[in-house]
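Have a look at the structure below before the remarks.
Just so you know, residue 1 is the first one in the sequence shown, and it goes up from there.
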Amino acid sequence: MEHITVKIINDSPYALPAYETHSAAGMDVRANITDPVTLGPLERRLIPTGLRIQLPQGYECQIRPRSGLALKHGISLVNTPGTVDADYRGEIGIIVINLSNEPYTITPGERIAQMVIKEYVHVKWEPVTRIDSTERGDGAFGHTGTE
């Protein structure tokens with residue numbers, strides 16, 4: 001498994017994001033709040049993390065929902081996955097939404113999302129007048145699940 005070094009500033013009282021198991025792809029991110037925040041049904045809120053990072057060029061940080069919160073409480077992220085670009089230096093904020101019918105309270109230090117660091121490439125467009133055909137062709141939404 002490859003490793004990269006990422007500079008991080010942690011202005012929260014909580015531990016740095018960490019992998020919970022050896023094979024985990026994501027690291028849990030905690031809510032850097034001093035008082036509980038209650039989200040009503042369909043309410044969304046920007047939750048601070050106290051984290052700022054300096055990613056190497058060619059990498060992004062993806063912010064994703066935690067599956068346990070989604071399944072048990074209907075808590076997700078509005079823009080999932082959220083992307084933190086390599087040149088962003090501000091605090092990472094998590095846009096949390098309550099998709100359940102019940103209020104949900106986020107507590108200080110609660111694990112509210114997960115962070116995945118991914119390598120990416122930039123696209124160089126090649127304008128053409130024709131592209132290769134495939135068996136699927138222009139079959140769109142639901143096209144492959146009809147049988």
Side-chain angles (χ1 to χ4, degrees), residues 1-125 131 134-147:
M1 182 176 310
E2 183 180 335
H3 292 86
I4 64 166
T5 299
V6 175
K7 293 179 181 180
I8 186 167
I9 294 173
N10 184 3
D11 288 329
S12 83
Y14 308 109
L16 292 175
Y19 299 102
E20 295 295 322
T21 66
H22 176 71
S23 295
M27 298 171 275
D28 289 338
V29 177
R30 296 181 180 275
N32 184 32
I33 52 179
T34 55
D35 297 310
V37 173
T38 299
L39 297 173
L42 299 179
E43 186 177 358
R44 64 186 178 275
R45 189 84 57 95
L46 180 64
I47 304 295
T49 64
L51 303 174
R52 293 185 290 147
I53 60 176
Q54 181 179 325
L55 292 167
Q57 285 300 113
Y59 287 85
E60 66 162 329
C61 170
Q62 296 179 359
I63 304 297
R64 302 177 182 181
R66 293 191 67 234
S67 57
L69 280 178
L71 177 63
K72 295 174 187 172
H73 304 288
I75 303 302
S76 191
L77 307 184
V78 176
N79 62 327
T80 183
T83 297
V84 179
D85 294 311
D87 57 354
Y88 178 68
R89 295 295 185 268
E91 180 179 8
I92 296 172
I94 311 294
I95 307 171
V96 179
I97 188 166
N98 180 356
L99 297 175
S100 78
N101 295 322
E102 301 294 326
Y104 182 80
T105 300
I106 298 170
T107 57
E110 181 175 350
R111 296 178 298 159
I112 57 169
Q114 59 180 322
M115 158 188 296
V116 175
I117 307 298
K118 295 291 294 175
E119 195 170 10
Y120 67 88
V121 297
H122 276 181
V123 170
K124 179 181 176 186
W125 295 111
I131 56 177
T134 65
E135 185 177 326
R136 179 176 179 174
D138 61 0
F141 302 102
H143 173 75
T144 59
T146 57
E147 292 185 28

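Rounded to the nearest 0.5 angstrom, E20 CD and D28 CG are separated by 5.0 Å. Between the OG1 atom of T83 and the OH atom of Y88 there is a distance of 13.0 Å, given to the nearest 0.5 Å. Going from atom CD1 of I106 over to atom CD1 of I33 covers 6.0 Å, rounded to the nearest 0.5 Å. A distance of 6.0 Å separates SG of C61 from CG of L55, quoted to the nearest 0.5 Å. Note that CD1 of I112 is 9.5 Å distant from CG of N32, once rounded to the nearest 0.5 Å.
Side chains of I75 and P65 form no contact here, defined as non-hydrogen atoms less than 4.5 Å apart. Using a 4.5 Å heavy-atom threshold, the side chains of Q114 and M27 count as separate.
Residues that satisfy the side chain to side chain contact (heavy atoms under 4.5 Å, CB included) test with E102, not counting sequence neighbours, are S100. Evaluation of the side-chain hydrogen bond (donor to acceptor under 3.5 Å, both in side chains) rule for R45 yields E43 as partners, not counting sequence neighbours. Scored by the side chain to side chain contact (heavy atoms under 4.5 Å, CB included) test, L16 finds I8, N10 as partners (sequence neighbours excluded). Considering only residues two or more places apart in sequence or on other chains, I4 meets the side chain to side chain contact (heavy atoms under 4.5 Å, CB included) condition with E2, V6, P56, Y59, I117. A24 pairs by the side chain to side chain contact (heavy atoms under 4.5 Å, CB included) definition with Y19, T21, not counting sequence neighbours. In this structure E110 satisfies the side-chain hydrogen bond (donor to acceptor under 3.5 Å, both in side chains) test together with Y104, T107, sequence neighbours excluded.
Of the options I95, I94, V96, a side-chain contact (heavy atoms from CB on, under 4.5 Å) to L46 is made by I95 and by none of the others.
Without hydrogens or angle criteria, E91 side chain to G50 main chain gives a donor-acceptor distance under 3.5 Å. At least one donor-acceptor pair closer than 3.5 Å links the side chain of R30 to the backbone N or O of G109. Checked by atom type and distance alone, the side chain of Y14 never pairs as donor or acceptor with a backbone atom of P17 at under 3.5 Å.
For the pair L99 and S76, the tightest heavy-atom approach, listed with the atom from each and the gap, is CD1-CB, 4.0 Å. Listed here is the closest heavy atom pair of L77 and R64: CD1-C, 3.3 Å. Closest approach of T49 and V29 over heavy atoms only: CG2-CG1, 3.5 Å. Counting all heavy atoms, side chain and backbone alike, G26 lies closest to V116 at CA-CG2, 3.7 Å. What you find for T105 and P36 is that their closest heavy atoms are CG2-CB, 3.5 Å. Here the closest non-hydrogen pair linking H73 and N98 is O-OD1, 3.9 Å.
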As a quick check of understanding, evaluate side chain to side chain contact (heavy atoms under 4.5 Å, CB included) for R66 and R111, giving each step before the final call.
CA-CA 8 Å; R66 293 191 67 234; R111 296 178 298 159; 3.5 Å; yes

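A 6.0 Å sphere centred on CG of N79 holds more than 12 heavy atoms belonging to other residues, nucleotides or ligands. The 12-atom threshold is exceeded at CZ of R89, counting heavy atoms of other residues, nucleotides or ligands nearer than 6.0 Å.
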